[in-house]
**Q** 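Handing you a structure now.
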Amino acid sequence: MSKTILSPVGKFSGRVVLSDPLTMPQAMAFEDGMREARAMDEGERVLTARRLHTILSAVIPCVEKWELAGLPEVVTPDTFPGTPKMAVAKLIAWIVGEITKLYNEADEIPNA
C-alpha cells in the first residue's frame, strides 16, 4: 500500500507517493540518514546544502514516486534541486515530517 501526500510548497507543487508501511531497509535508511544529519548540527539546526543532501539520503528510499514541479525524472540526492534554498528546505522538512509520521506510527505498540 502507499500514501499520497500533496506538496504545500508552491514552487514544488504536485504530489509524492510514500511507501506505507516502510520496509525494514527503508526504516533503516531513514534512521541512518537522520542520525547522520543530526550529527552535523553541532549544537544548532543549520539547513546547509550539505545537511539537506544528507537528509535526502534518508528520505529518497522511502519515496515510491515523485510528481513535483521542478524535480527531475530520476530523483537522487545529487539531482535534487538546491535552490531556491527556502523552498527546498520547506519541501524537505515537509517530506521528513510525513515520513516521520509513518515511522512513528510503527512505534506505537498497542497494549496486549
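The figures that follow rest on heavy atoms only: side chains count, while hydrogens, waters and symmetry mates do not. Residues: numbered from 1 along the sequence shown.
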**Q** Surrounding NZ of Lys3 (heavy atoms of other residues, nucleotides or ligands, distance under 6.0 Å), is the total greater than 12?
**A**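 Counting neighbours around NZ of Lys3, more than 12 heavy atoms of other residues, nucleotides or ligands fall under 6.0 Å, so yes.
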**Q** Could you go through residues 53-60 and list every donor-acceptor pair under 3.5 Å that involves a side-chain atom there, pairing it with any protein atom two or more places apart or in another chain?
**A**
unit_1 : atom_1 : unit_2 : atom_2 : d
His53  : NE2    : Asp78  : OD1    : 2.7
Thr54  : OG1    : Arg50  : O      : 3.1
Ser57  : OG     : Thr54  : O      : 2.5

**Q** State, with a plain yes or no, whether a side-chain heavy atom of Leu102 is found less than 4.5 Å away from one of Pro21.
**A**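 They are not in contact (no side-chain heavy atoms under 4.5 Å apart), so the answer is no.
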**Q** Got Val63 and Val75 here, is their nearest side-chain heavy-atom distance under 4.5 Å?
**A** no
**Q** Take Glu98 and Ile95 through the test side-chain contact (heavy atoms from CB on, under 4.5 Å) and record every step on the way to the result.
**A** CA-CA 5 Å; Glu98 293 296 322; Ile95 295 172; 5.7 Å; no
**Q** CZ of Arg38 to CZ of Arg51: how many Å apart, nearest 0.5 Å?
**A** 9.0 Å
**Q** Check whether any side-chain heavy atom of Leu22 sits under 4.5 Å from a side-chain heavy atom of Ile99, and report yes or no.
**A**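 A side-chain contact under 4.5 Å exists here.
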**Q** Applying side chain to side chain donor-acceptor pair (under 3.5 Å), name anything that partners Asp20, two or more places apart in sequence or on another chain.
**A** none
**Q** Locate the shortest heavy-atom distance separating Ser2 from Val17; write the atom from each residue and the value.
**A**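 In this case the closest contact between Ser2 and Val17 is CB-CG1, 3.6 Å.
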**Q** Taking atom CZ of Phe12 and atom CG of Leu91, what is their separation to the nearest 0.5 Å?
**A** 6.0 Å
**Q** Once side chain to side chain donor-acceptor pair (under 3.5 Å) is applied, what residue pairs with a partner in residues 4-17 remain, sequence neighbours excluded?
**A**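 Every side chain to side chain donor-acceptor pair (under 3.5 Å) pair that includes a residue of residues 4-17, provided the two are not neighbours, is Arg15-Glu67.
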**Q** Using the side-chain contact (heavy atoms from CB on, under 4.5 Å) rule, take Met34 and Val96 through it: C-alpha gap first, then chi angles, then the decisive distance, then the call.
**A** CA-CA 9 Å; Met34 295 308 294; Val96 166; 3.8 Å; yes
**Q** Heavy atoms, side chains only, cut-off 4.5 Å: are Val88 and Val9 in contact?
**A** no
**Q** Only pairs at least two apart or in different chains count here, so list each ring-ring contact (aromatic ring centres under 6.0 Å, His included) that has a residue in residues 55-77.
**A** Trp66-Phe80
**Q** Using side chain to side chain donor-acceptor pair (under 3.5 Å) as the criterion, list what pairs up with Thr76, not counting sequence neighbours.
**A** Thr79
**Q** If the condition is side chain to side chain donor-acceptor pair (under 3.5 Å), which residues does Thr23 pass it with, not counting sequence neighbours?
**A**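 Checked Thr23 against side chain to side chain donor-acceptor pair (under 3.5 Å); matches are Gln26.
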